[in-house]
Amino acid sequence: MNTVWILLIVVSVLFSILNGRLDEFTKSIFEGTKSAVEVSLFLLGIVSLWLGITRIIEDSGLIHRLSGFFQYFVRRLFKNIPPEHPAITSITLNFLANLFGLGNAATPLGIKAMQDLKTLHPEGETISFEMMVFIVVNTASIQLIPFTVIGILSEFGSGDPSAIVLPTLLATFLSAGFALGILFLFRRVLR
Amino acid sequence: MRMVSLISQLMIPLFILFAILYGCARKVRVYDSFIAGAKEGPGVVIRIFPYLLAIFVAVKAFQASGAFEFAQELFRGILEFFGVPIDVVSIALTKPLSGSASLGVFTNIVKTTGPDSLASRMSAVIMGSAETTFYVLAVYLGAVGIKRTRYLVPVCVLADLVGIIIAIVIVKLFFI
């Protein structure tokens with residue numbers, strides 16, 4: 001992320017000098033801080049809400065009964081996590097929220113999953129391979145039905161707004177598969 | 001379609017109801033559990049905030065400086081060669097950087113080229129199958145204070161690229 005950030009900032013400054021957009025550059029920085037605050041405020045509410053509800057289903061034991069099928073899949077994907085570790089459940093819940101397009105629930109559950117994964121490697125600031133697998137699956141956006149997109153298409157009078165559902169589903173699972181493939185390839189090559 | 005959207009609307013309310021009722025049945029003090037869990041929320045968000053700030057400032061500056069348009073021009077030639085509508089470039093470049101911006105770009109493509117055009121369909125599939133990668137990275141890495149990410153970032157960028165190519169190819173196969 002260090003390289004990405006340096007690259008973005010340096011390129012931006014150079015381009016704004018070349019394009020004579022220094023004024024826009026400065027304005028955009030303040031805009032950036034504003035949207036960071038707005039998104040954080042939004043996250044503050046939604047993350048607290050889902051952490052509260054997750055605590056209820058933890059305390060009642062419901063969390064262990066949820067989604068047996070997906071746990072099997074998650075366990076296969078994360079072989080190095082002990083089967084009874086809480087990370088398995090939070091990862092499962094995050095994947096389920098993603099599948100059903102519940103972005104507002106997926107992010108808080110994903111944060112919880114990262115914290116649970118962190119307990120497996122409490123020392124150091126280096127990412128573990130399990131965290132990478134988790135993040136790569138999340139950035140591939142596994143989603144069954146893209147409601148927002150369908151909504152926009154039909155709003156502008158599409159003849160068949162749900163025609164894109166099957167291609168999207170195919171694209172999303174293929175790209176998730178490829179993303180994981182690339183990750184495992186990197187591990188093999190770099191070790 | 002109506003049935004599907006009804007189910008998706010019901011999902012969160014029913015889940016919350018079920019969580020609470022199940023808690024009651026198991027004699028959990030539901031309200032106290034909720035408060036105890038929610039109490040951790042502010043700490044998490046404060047930890048993430050600097051990471052969000054860094055990525056949002058960088059992305060906004062990148063877009064405002066004209067570097068973004070330059071990147072678009074760069075890819076335009078390649079895509080034209082493969083017979084891909086030019087509008088697809090802007091969605092492919094915006095989606096990994098910003099969720100709200102890509103929604104704006106998508107709406108604009110649908111408005112200008114029509115909802116059933118090839119450009120709209122390709123953009124729709126990209127919207128549904130790609131994620132705001134850098135936002136996800138900032139939030140999830142920030143939540144646990146990871147500093148060394150090893151080869152995660154190159155993998156994500158490469159995966160995004162492959163994902164967009166897959167989306168374009170699939171739409172071509174389905175609709176042409």
Side-chain angles (χ1 to χ4, degrees), chain A residues 1 4-5 8-9 11-12 15-16 19 21 24-25 28-29 31-32 35-36 39-40 43-44 47-48 51-57 59-60 62 110-111 114-115 118 125-127 132 135 138-139 141 146 149 152-153 156-159 162 164 167-168 170-172 174-175 178-179 182-183 186, chain B residues 1 11 16 19 22-23 26 28 30 33-34 36-38 40-42 44-45 49 52-54 56-58 60-62 64-67 107 110 115-116 121 124-125 127-131 133 136 140 143-153 155-156 158-159 162-163 166-167 170-171 174:
Chain A
M1 282 305 270
V4 173
W5 201 67
L8 281 175
I9 298 278
V11 169
S12 303
F15 267 86
S16 55
N19 291 332
R21 291 203 192 175
E24 282 91 333
F25 177 84
S28 72
I29 286 182
E31 245 173 67
S35 36
V39 170
S40 300
L43 278 178
L44 177 63
V47 166
S48 306
L51 285 178
I53 289 168
T54 319
R55 182 63 67 90
I56 296 177
I57 62 175
D59 289 353
S60 64
L62 180 60
I111 289 171
M114 284 297 286
Q115 289 171 333
K118 176 84 177 159
E125 292 166 331
T126 306
I127 195 162
M132 290 204 255
I135 290 178
N138 261 280
T139 54
S141 167
V149 168
I152 292 172
L153 285 178
F156 285 93
S158 166
S162 43
I164 56 122
T168 305
L170 210 62
T172 213
L174 268 179
S175 64
F178 268 98
I182 294 170
L183 178 65
F186 262 72
Chain B
M1 204 51 230
M11 212 128 54
I16 293 176
Y22 190 89
R26 284 301 188 88
V28 172
V30 173
S33 286
F34 179 83
E40 289 169 16
V44 171
V45 176
F49 179 73
L52 275 183
L53 186 70
F56 278 15
V57 166
K60 288 265 182 204
F62 189 71
S65 68
T107 314
V110 175
D116 293 323
R121 286 190 162 144
V125 173
M127 281 295 285
S129 70
E131 187 52 81
T133 305
V136 170
Y140 286 174
V144 287
I146 294 290
K147 294 213 176 93
R148 277 183 296 279
T149 53
R150 290 156 76 186
Y151 42 88
L152 177 66
V153 176
V155 167
C156 285
L158 202 62
V162 173
I166 288 175
I170 285 180
V171 172
F174 262 80

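Please read these numbers as outputs of a predicted model, since none were measured by experiment. All chains are named by letter (A, B, ...) in the order of the sequence lines, taking the proteins before the strands, and each is independently numbered beginning at 1. Reckoned from all heavy atoms, side chains included, excluding hydrogens, waters and symmetry mates.
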Using heavy-atom distances under 4.5 Å, tell me whether B:V57 contacts chain A through its side chain, its backbone, both, or neither.
both
Which region of B:F174, side chain (C-beta onward) or backbone (N, CA, C, O), has a non-hydrogen atom less than 4.5 Å from a non-hydrogen atom of chain A, or is it both or neither?
side chain
Tell me, out of B:G145, B:A54, B:G23, who's got the most heavy-atom pairs with chain A below 4.5 Å.
B:A54
Main-chain N/O of A:T172 paired to B:S129 side chain as donor or acceptor, under 3.5 Å
no
What part of A:N19 lies closer than 4.5 angstrom to a heavy atom of chain B: side chain, backbone, both or neither?
side chain
Given heavy-atom pairs under 4.5 angstrom as the criterion, report whether the side chain, backbone, both or neither of B:V144 touches chain A.
both
Is A:F178 atom CZ crowded by more than 12 heavy atoms from other residues, nucleotides or ligands, each under 6.0 Å away?
no
For chain B, find which of A:L43, A:I127, A:T168 contributes the most heavy-atom pairs closer than 4.5 angstrom.
A:I127
Checking B:R148 against chain A: side chain, backbone, both or neither under 4.5 Å from a heavy atom?
both
What part of B:I16 gets within 4.5 angstrom of chain A, counting heavy atoms only: side chain, backbone, both, or neither?
side chain
The interface call for B:V45 against chain A, heavy-atom contacts under 4.5 Å, is side chain
Less than 4.5 Å to any heavy atom of chain A: does that hold for the side chain of B:V30, its backbone, both, or neither?
both
Compare every heavy atom of B:A36 with every heavy atom of A:R55, then report the nearest pair and how far apart it is.
NH1-CB, 3.6 Å
Interface moiety of A:F156 toward chain B, non-hydrogen atoms closer than 4.5 Å:
both
From the list B:V28, B:V136, B:L158, B:I146, the residue making the most non-hydrogen contacts under 4.5 Å with chain A is B:I146
Is chain B contacted by the side chain of A:T54, its backbone, both, or neither, given a heavy-atom distance below 4.5 Å?
neither
Would you call A:L183 and A:M132 a side-chain contact if the rule is heavy atoms closer than 4.5 Å?
yes
Contact part of B:A130 toward chain A, heavy-atom cut-off under 4.5 Å: side chain, backbone, both or neither?
backbone
